[in-house]
Number of protein chains: 2
Amino acid sequence: MNLKQLSDLLGLSQTTVSRALNGYPEVAEATRLRVETAARVHGYIPNTRARSLATGRAMSIGHVIPISTKHEMVNPIFADFIAGAGEHYARAGYDMHLIVVPDAEEARTYRALAARRNVDGVIVHAPRVHDPRLPLLREIGLPFVVHGRDSGETAPYSWLDVNNRRAFARATGFLLDLGHRRIALINGLEYMDFALRRRDGFLRALADRGIAADPALMRADEMTEPNGYDAARAMLAAPDPPTAFVVSSIISAMGVRRAIQERGLRMGADVSVIAHDDELSYFRNADGAGIPIFTATRSSVRQAGRQAAEMLLSIIEKPEPDPLTRLFEAELTLGRSTGPRREGD
Amino acid sequence: MNLKQLSDLLGLSQTTVSRALNGYPEVAEATRLRVETAARVHGYIPNTRARSLATGRAMSIGHVIPISTKHEMVNPIFADFIAGAGEHYARAGYDMHLIVVPDAEEARTYRALAARRNVDGVIVHAPRVHDPRLPLLREIGLPFVVHGRDSGETAPYSWLDVNNRRAFARATGFLLDLGHRRIALINGLEYMDFALRRRDGFLRALADRGIAADPALMRADEMTEPNGYDAARAMLAAPDPPTAFVVSSIISAMGVRRAIQERGLRMGADVSVIAHDDELSYFRNADGAGIPIFTATRSSVRQAGRQAAEMLLSIIEKPEPDPLTRLFEAELTLGRSTGPRREGD
DNA sequence: CCCGAATATCAAAGCGCTTTGACAGCCTTG
DNA sequence: CAAGGCTGTCAAAGCGCTTTGATATTCGGG
């Protein structure tokens, strides 16, 4: 069933039917009603491609997820972010287009994306420092919103991000308040912008108390469970082990917990851990009773997805001269993984 | 730069330019070369929407990911599967379209998807038993490949799946060989088809040795770390605890391991665990030395994604009367989480 | 040297929709 | 009652591409 068939059926012109369906004012209310019921009855739904060819709007948003060719990893927060964004798109009548880009072919892929005009804008995931995608997208003229920020980028752009620096400074400060002095940082890869900010926050909190950071207690790697385990195990086995950990992800924190337990120590009593919790659906940070397992800096990545979608659509639908930005504060939620430094440590 | 501009520039008709670019034989080789270089130089890339309006092919595949409204969870294997599929699409010149569907609105969403004609086919994720999506898609006439199977579906359809029944039977058999008799199953939600098959395999292996299954040792739930922990903890605290676990996911297995350690037991020595390993990029089942942590039934979900994409494209490009099916055998890889039953248990 | 086949190119129709500009018909208003 | 303003509807152009059917051009063979 296409527009022509429907309008023939109704004895109206395609123009009138199209207008009726798209809510234009110049069609009589009685006609609109007649058209709408006919459309419903016959299951008429406009062909997206024809429509977007005519309007110039693709009604589709691209999500560009970089696959690090080195590690072949997909960011685990990606699925939840997508789910959040998808909710908003569905409401707004947009489609979601996924573009999996090996970092080697970024430029080519983006140019093709823009030329082929099948998305109205993109969400940029996992920005690095001096991320080449931002100037590229600007040059191409494709609207975009970045999930995260790029400290290396000087020109303004739209982004939303959690206050990573503040969150990690607070987490570290909290551990210092508990008396800890040997605090380790298990971070993500530090060419990722968020990881750099977290590191900054960590270092700043230490510096504020006049404590020198120990490079042996800082590790940056892909945020997997085994990596968390390996890092923590090595540190705990060293001569002057940490009494507390700040960890960039719940996933690596699970590895840290394993290393702690394996050493016969109790998390929360002997060793404290604060993790960053993105509220991933498969790692709800809560025990059966709903009490958080990890003390955590918390910020829902799913919620971020919803907001990113909302921002991008608003930019596309009515472009503003100034870019949109949104900064979330992470909550610091108390769980059972932190406690005062034990005497003698 | 569009086709008209390019052909004007070259002094050729749009027809010739289009044919030259699309590899039709009726254009002189010299002309083709001239056209191709001009296209490259001026960065001409055909507008997808116009092209697919003309050809009737969307050059786009939909991935329908159900969001269980109850749990608001996104299947964690989804990201890796997508990454694998994405690789193949990129090679074949297809786009990937994501459709996040709350299970309540399935029918409506699919019908709209088909009517709007913006995908040439879909991959169905996470089939349930008697999944309504299969008959629906067949009725609509949209080509599809199911990742997994639907035991409740009698009509033939294209699918690819891992031999879950066999894998879990082997895993259980292996534990029986090691002398274990009290073996627990920590499964996924059993309205999911894969979970049901795993359960079957588990039960069959027990039955083959004449061992009665103990309902107290069987649990089906969302495969999260806390759920694995809760289930294992409860079982280990009961009067006649299991000496081994078969677990449907590496993620819940991490919870099981936690419960074991917390009880002061050693995984692999006091209690054995076999997990199903989808080779998720963030949960590589290996320690620093590359030795698997968990003994596991292993099958790469990323590889499955690649294959699913390949199957679907082949179905779309040259439809066969019979559906395509592909069954993988999971490897049973020995890690350090299994060992013989201890005396006296 | 002409004819017919093969080769290279083209004009135009069509994909299904939106949107512009025009046009009937009707109602006010002076 | 004519002029002018609304209303509701329409025909047709256009979005950028592919593809059909036709038309030049070339070439070898009789």
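Chain A is the first sequence line, chain B the second, and so forth, proteins listed ahead of strands; every chain is numbered from 1.
Per the geometry, CG belonging to Leu53(B) stands 8 Å off C1' belonging to dC17(D), to the nearest Å. Atom CG in Leu3(B) sits roughly 13 Å away from atom P in dC15(D) (whole-Å rounding). Atom CG of Leu21(A) and atom P of dC17(C) are 10 Å apart (whole Å). Taking atom CD on Glu29(A) and atom P on dG8(D), their separation rounds to 9 Å, with Å as the unit. Taking atom CG of residue Asn2(A) and atom C1' of nucleotide dG16(C), one finds them 7 Å apart after rounding to whole Å. One interatomic measurement links the two molecules: CZ of Arg57(B) to P of dG16(D), which rounds to 23 Å at whole-angstrom precision. Distance CZ (Arg19(B)) to P (dC17(D)): 16 Å, rounded to an integer number of Å. Atom NZ of Lys4(B) is separated from atom P of dT18(D) by 16 Å (rounded to the nearest Å).
Side-chain N/O atoms of Thr16(A) include none lying less than 4.0 angstrom from OP1 or OP2 on dT9(D). At the phosphate of dT19(C), OP1 or OP2 sits under 4.0 Å from a side-chain N or O atom of Tyr24(A). Between Thr31(B) and dT9(C) there is a side-chain N or O to OP1 or OP2 distance below 4.0 Å. The phosphate of dT18(C) (OP1 or OP2) has a side-chain N or O of Arg51(A) nearer than 4.0 angstrom. OP1 or OP2 of dC17(D) has at least one side-chain nitrogen or oxygen of Tyr44(B) nearer than 4.0 Å.
Side-chain proximity of Pro46(B) to the nucleotides dC17(D), dT18(C), dC10(D) is greatest for dC17(D). In this structure, of dC17(C), dC17(D), dT9(D), it is dT9(D) that holds the atom nearest to the side chain of Ala28(A).
Base contact: Thr15(B) has a heavy atom under 4.0 Å from a base atom. Ser18(A) comes within 4.0 angstrom of a nucleotide base, judged by non-hydrogen atoms across all strands. Ser52(B) comes within 4.0 angstrom of nothing in the nucleic acid, heavy atoms only.
Between Leu313(B) and Ile61(B), the closest side-chain pair of non-hydrogen atoms falls below 4.5 Å.
A salt bridge between Arg149(B) and Asp193(B) is absent, with no side-chain N of the basic residue lying under 4.0 Å from a carboxylate O of the acidic one. Salt bridge absent: Arg133(B) and Glu153(B) never bring a charged side-chain N and a carboxylate O closer than 4.0 Å. A salt bridge links Glu87(A) to Arg306(A): at least one charged side-chain nitrogen sits closer than 4.0 Å to a carboxylate oxygen.
Here the CG atom belonging to Asp131(A) is positioned 8.5 Å from the CE atom belonging to Met192(A), to the nearest 0.5 angstrom.
Nucleotides of DNA chain D nearest to Glu26(B) and Asn47(B) differ in position, and the one nearer the 5' end is that of Asn47(B).
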